[in-house]
Amino acid sequence: MTAPGGFVYVPPPRPPSPLPVNYTPNIVAGLVACLAIVVGSLGPWATSLSVGVAGTEGDGKITLVLAVRTDTEPYR
């Protein structure tokens, strides 16, 4: 393009993108990992004859909250 006065217009360079061109596989991998953490938090962690320890007893509640929070973070 030519600007008034015969000068050639050169557009400014684009700033680099903060994300890779194709970051969909990374998002899918992150969602699958968060889903695995949720399943691990809800499922039984240990079972022996008639005694079992559920995933939500103790730290399972913390990992469940953090997994759900991390899973919803990319969409904010």
Side-chain angles (χ1 to χ4, degrees):
M1 293 194 311
T2 305
F7 295 104
V8 176
Y9 174 74
V10 177
R14 287 185 169 176
S17 175
L19 296 173
V21 177
N22 186 9
Y23 60 92
T24 304
N26 296 336
I27 296 239
V28 170
L31 292 175
V32 169
C34 287
L35 180 63
I37 293 170
V38 168
V39 169
S41 295
L42 295 176
W45 282 2
T47 305
S48 172
L49 298 176
S50 63
V51 179
V53 178
T56 54
E57 292 179 22
D59 295 339
K61 295 175 188 174
I62 296 170
T63 58
L64 180 63
V65 169
L66 291 176
V68 170
R69 171 78 171 121
T70 304
D71 189 31
T72 58
E73 189 64 32
Y75 303 110
R76 291 180 178 232

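Computed from heavy atoms alone, side chains included, the values below leave out hydrogens, waters and symmetry copies.
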Quiz item: Members other than Val28 in its cluster, when Ile, Leu, Val, Met, Phe, Trp, Tyr link by side-chain heavy atoms under 4.5 Å?
Solution: Val32
Quiz item: What pairs of residues pass the side chain to side chain donor-acceptor pair (under 3.5 Å) test when at least one of them lies in residues 27-39, not counting sequence neighbours?
Solution: none
Practice problem: Just jot down the side-chain contact (heavy atoms from CB on, under 4.5 Å) partners of Val38, sequence neighbours excluded, or say none. | Solution: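 Here the qualifying residues are Leu42, Leu64, Ala67, Val68.
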